[in-house]
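Indexing begins at 1, ligand by ligand and atom by atom, following the structure's order.
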Amino acid sequence: KCNDSGKEFTDIIYEKAVGEGIAKITINRPERRNSFRPQTVKELMRAFNDARDDNTIGVIIFTGKGTQAFCSGGDQSFRGKNGYADYDDFGRLNVLDLQVQIRRLPKPVIAMVAGYAVGGGHVLHMVCDITIAADNAVFGQTGPKVGSFDAGYGASIMDRLIGPKRAREMWFMCRFYKADEAEKMGLVNTVVPLEKLEEETVKWCREIMRNSPMAIRVLKSALNAIDDGHSGLQQIAGDGTLLFYGTEEGSEGKNSYLERRKPDFSRFPRLP
Ligand code: 2NE
């Protein structure tokens with residue numbers, strides 16, 4: 001178990017498997033079907049940030065406490081007239097920032113889903129890189145039933161995952177889909193018996209951990225680049241810069257500046 005900078009979490013559990021390179025972030029509000037309030041999202045963002053910064057971590061499991069729900073979206077009892085409000089006087093929709101954070105995090109995030117992944121909780125699993133579902137998982141959007149919608153990633157990523165007709169069906173009708181249907185639709189990567197969920201998820205994590213972290217990093221940004229527009233390009237461009245900084249050619253520019261001399265790039269090839 002861990003926290004960041006010694007600050008305790010109330011709404012989530014944050015763990016790291018030392019030596020495995022795996023972090024696990026769990027929404028811990030099972031009595032509310034792991035719905036999130038602003039505080040939950042703030043804590044999730046802290047934990048994801050810590051996992052990003054920790055260079056011993058290569059993959060992150062995102063899940064909900066218990067077997068009844070991954071996440072049931074925004075906690076409706078905290079919904080005010082301008083968003084979700086808990087300790088502040090004003091409402092927030094900070095889960096949208098969390099979605100962006102997961103998309104931009106240069107390590108795979110695996111949603112481990114038991115029970116309901118609905119509403120904003122459904123969007124959270126969709127923004128993860130991979131979803132492993134238990135056979136009791138149920139997927140769906142509820143926004144139009146409860147006076148809400150996610151017209152950002154909630155719409156566009158769904159369209160990508162299951163296609164435009166199915167995405168309309170899912171959003172307009174607010175039906176719930178069982179795990180096997182979700183698998184057929186392309187919403188999830190695999191479905192396993194509930195009792196095997198964690199074991200299977202860890203197996204996938206270990207398989208990923210065997211592969212090149214830089215290759216995975218660049219592939220994640222490449223796979224997101226078109227859909228994320230300028231910010232997607234920025235992410236993959238940043239990866240390019242990161243790689244370039246590690247070359248002699250990149251270092252020659254920096255060194256020449258620091259040594260107050262003209263840079264000599266003549267020895268570097270102009271590749272085809
Ligand atoms: C998830 C679902 C289908 C589960 O049903 P069930 O029968 O297993 O449990 P139950 O009895 O409904 O829930 C247990 C307790 O959790 C609370 C319930 O009110 C109940 O409380 P008590 O009666 O025990 O006091 N609970 C569950 N989900 C909650 C929620 N989201 N907010 C507040 N309390 C919640 C069933 O519970 C369900 O349909 N839940 C609501 C799902 C929903 O509509 N979520 C919000 C969608 S909008 C959204 O998330 C969103 C967005 O659209 C755009 C941006 C950001 C967020």
With ILVMFWY side chains joined below 4.5 Å, transitively, what does L258's cluster contain besides itself?
Y257

For a side chain to side chain contact (heavy atoms under 4.5 Å, CB included) check, start with the C-alpha distance between M209 and E20, then their side-chain angles and the critical distance, and finish with the verdict.
CA-CA 8 Å; M209 284 302 292; E20 288 262 28; over 6 Å; no

Counting N and O atoms only, with roles assigned by atom type, does the side chain of N255 sit under 3.5 Å from a partner on the main chain of S251, one being a donor and the other an acceptor?
yes

Side-chain donor or acceptor of R29 paired with backbone N/O of D11 under 3.5 Å:
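Not confirmed, R29 side chain does not pair with D11 backbone.
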
Look at atom CZ of F244 and say whether more than 12 heavy atoms of other residues, nucleotides or ligands are closer to it than 6.0 Å.
yes

Sub-3.5 Å pairs, protein N or O with ligand 1 N or O:
{"residue": "ligand 1", "atom": "8 (O)", "partner": "R33", "partner atom": "NE", "Å": "3.0"}
{"residue": "ligand 1", "atom": "8 (O)", "partner": "R33", "partner atom": "NH2", "Å": "3.3"}
{"residue": "ligand 1", "atom": "9 (O)", "partner": "R33", "partner atom": "NE", "Å": "3.2"}
{"residue": "ligand 1", "atom": "9 (O)", "partner": "R33", "partner atom": "NH2", "Å": "3.1"}
{"residue": "ligand 1", "atom": "16 (O)", "partner": "E31", "partner atom": "O", "Å": "3.4"}
{"residue": "ligand 1", "atom": "28 (N)", "partner": "S72", "partner atom": "OG", "Å": "2.9"}
{"residue": "ligand 1", "atom": "31 (N)", "partner": "S72", "partner atom": "O", "Å": "3.1"}
{"residue": "ligand 1", "atom": "31 (N)", "partner": "S72", "partner atom": "OG", "Å": "3.4"}
{"residue": "ligand 1", "atom": "31 (N)", "partner": "G74", "partner atom": "O", "Å": "3.0"}
{"residue": "ligand 1", "atom": "32 (N)", "partner": "Q76", "partner atom": "N", "Å": "2.9"}
{"residue": "ligand 1", "atom": "44 (O)", "partner": "T142", "partner atom": "OG1", "Å": "2.7"}
{"residue": "ligand 1", "atom": "45 (N)", "partner": "S72", "partner atom": "O", "Å": "2.9"}
{"residue": "ligand 1", "atom": "50 (O)", "partner": "G74", "partner atom": "N", "Å": "2.8"}
{"residue": "ligand 1", "atom": "50 (O)", "partner": "G120", "partner atom": "N", "Å": "2.8"}
{"residue": "ligand 1", "atom": "53 (O)", "partner": "S148", "partner atom": "OG", "Å": "2.7"}

Measure the spacing between CG of D150 and CG of L96 and express it to the nearest 0.5 Å.
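Between D150 CG and L96 CG, I get 6.0 Å after rounding to 0.5 Å.
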
